[in-house]
Every structure is written in structure tokens, then in C-alpha cells.
Amino acid sequence: MYDRAYNYIKQRIDKPPKVAIILGSGLGELSRQTKSDVTIDFSDIPGFAKATVEGHKGQFIFGELYDKYLMVMNGRLHYYEGHSMKDITFPIRLMRKLGIKIVIITNAAGGINRAFKPGDLMIIKDHINLMGTNPLLGKNMDQFGPRFPDLCNTYDRELISMAKKCADKIGLNIKSGIYAAMSGPSYETPAEIKMLSCIGADAVGMSTVPEVIVCAHCGIKVLGISCITNMAAGILDKPLSHQEVLDTADRAKDDFIGLIKAVVNNLDIRY
Ligand code: HPA
């Protein structure tokens, strides 16, 4: 399954990328800033399930940014779409086979920490998996990693500190915090957000954690960045909407692109 997808992509690109960026809801603009050589639709890749959510395009873009050859994943698969954990994390194992060493994972998230405001960017320090499942359930894929992977340095400390320095340099007031993953697709209740706040979550979303766990399993370093697109349920006295998520992500895109570009420029990747 992975071999066919790997062979398909390999024959369409001239060199292997070492860094991948996964773009979350409404954050697809970055893919237009990459000097693109090759665009591959998910639907053309053998074994790839189809993305369905609005704001998610479903393409890999291979191209250069600051002399670094990147694999940009525009759109992702979500658990709430009904995809299996195996399908959601298929791209990560594909990345591993292609030789990716670092994945920058982005998402839209609801702010739980009251010091946050919509439009803020949050570096993910750690996560709480409340999706009710784990992508590594079942027989271990020994070719990718160990049965019981360690998750203590899942969000790479060096990448976090580098990203913070980059944010300072470009004058961005970056936040950092814990990301809690829920399955969705309904947004949380105010009571659930209170609970998440009590257990230490700063932001909540419906993605990222499955991919991150599989990155940890197969030895890919992760930098996670959330765009706080709205305050989570019950924090403000107003209902949540997907439109607000997309509108805020659009408003934050210059900061977001500025940060990602600075991070990519600073990555110490040798070919
Ligand atoms: N909850 C869950 N997922 C989200 C939210 C939220 O408030 N905002 C963006 N993604």
C-alpha cells in the first residue's frame, strides 16, 4: 500500500524533500508562495482517501522556499469525515518513506487560554489526545517504529525554541501551549471546554494529534503551530462557526506565512 504511493510520487519528483509542511483550515495560501515544481492531487495517489472539508484542497506541492526543497500538504484528512486513523496518517508514513525528517504541522484551533485572542499563533508544546482512539492501535508496523513509542519530546524542543526566536525576530507575539484533540465534528460544549481548561489545555481542535503520534512512531521531528481562529465554546457569549474559523485564518495568514518562512529559512537541513 505504501510502496505503490511512494513509487508514484517518486517518479514525479526529481529529488527527495526533507521537510514537509501540513497546512490546516484556511492556511493554504503558503502553498502559493512556494516555487512549485510539481503538484500532485491526493486523488491521483494510489491508496489515498479523499478529503472533503471546505478550505482543504487535497494536494501535495513539491517546491522550493529559501533553497529548501519542501513537500507542502495542502489539506488533510480528518477523523470526523469518517476516515480511519490509518487513512488519516497514511501521508505521514508516505513522508517517512520519502525521507522526510521534519514535519511542520499547522491547524486551526479554538482558544481556551483566556490570554489568547483570535488571530494569535500558538506553538504546540504538547498535546492531550481525547479523540477516543490512537492511530497505532492494532498490529505494530515494525518497519516504521516500535510498539510503544515514547511521546516525551514529541514536539521537538529545539524546533520550538528556534520557532520562538524566529517569531521574536519578525516581531510576532507568539503564544505557546497545550493542544487538546477532540474528534468533532460538533464543536465542544461550554462544559467540555471548562473541563479541558481544568486539565491544562490551552487550545482545542479536531486534527493534528493522529499525525503527530505517527510522526513520533516513525522518528519524524515535529513542529506544531495552531492558529487560534476563535475563542472556544463558552469563553465568549457567542456561537461558533466554521466561517469564523476560515475568516480568522485568512486574517492571520500574513503572520502565519511570515513565521513559517522564517522557520524554513532557519532550518538546518543538509542535502
Ligand atoms: N473547537 C474545535 N476545533 C476547532 C475550533 C474549536 O473551537 N476552532 C477551530 N477548530
Side-chain angles (χ1 to χ4, degrees), residues 21-30 51-58 73-83 85 88-89 104-133 135 155 174-213 222 224-253 255-257 259-260:
I21 305 179
I22 302 178
L23 300 176
S25 291
L27 300 173
E29 175 73 20
L30 184 80
T52 62
V53 74
E54 204 186 313
H56 289 263
K57 248 186 145 181
M73 180 169 168
N74 194 3
R76 55 150 66 88
L77 305 174
H78 294 87
Y79 191 50
Y80 61 72
E81 292 174 275
H83 296 297
M85 281 282 154
I88 293 166
T89 55
I104 302 173
I105 303 192
T106 71
N107 59 49
I112 297 175
N113 186 325
R114 286 167 190 267
F116 294 177
K117 55 182 191 319
D120 279 348
L121 300 180
M122 181 191 91
I123 296 177
I124 305 176
K125 285 193 297 194
D126 204 347
H127 74 226
I128 303 174
N129 178 14
L130 294 167
M131 292 182 117
T133 185
Y155 298 88
I174 195 104
K175 308 291 195 294
S176 67
I178 312 286
Y179 176 91
M182 305 285 274
S183 73
S186 53
Y187 288 115
E188 301 69 34
T189 63
E192 285 166 344
I193 294 301
K194 247 188 219 163
M195 172 194 74
L196 294 180
S197 176
C198 287
I199 63 172
D202 296 291
V204 59
M206 305 173 191
S207 68
T208 302
V209 161
E211 293 103 311
V212 168
I213 292 173
V222 172
I225 299 168
S226 293
C227 175
I228 305 299
T229 51
N230 57 285
M231 292 316 286
I235 304 260
L236 305 176
D237 187 20
K238 65 177 209 176
L240 273 56
S241 79
H242 185 55
Q243 195 54 48
E244 183 190 3
V245 169
L246 295 180
D247 290 347
T248 312
D250 190 57
R251 207 157 39 79
K253 71 170 187 275
D255 283 350
F256 172 76
I257 289 171
L259 177 65
I260 300 284

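Whatever order the structure lists ligands and atoms in, that order sets their numbers, starting from 1.
Between I228 and A203 the shortest heavy-atom distance is CD1-CB, 3.9 Å. Nearest heavy-atom pair, V245 versus T229, reported as atom, atom and distance to 0.1 Å: O-CG2, 3.5 Å.
Contact residues for ligand 1 (protein heavy atom closer than 4.0 angstrom to any ligand atom): A108, A109, G110, Y187, E188, V204, G205, M206, T229, N230, L240, V245.
Every side chain to side chain donor-acceptor pair (under 3.5 Å) that Y155 has, sequence neighbours left out, goes to H127. Under the side chain to side chain donor-acceptor pair (under 3.5 Å) criterion, D202 pairs with N113, sequence neighbours left out.
Between the side chain of T106 and the backbone N or O of I22, at least one donor-acceptor pair lies under 3.5 Å.
Applying the salt bridge (Lys or Arg N to Asp or Glu O under 4.0 Å) test to pairs two or more places apart or on separate chains, those with a residue in residues 237-248 are K238-E244.
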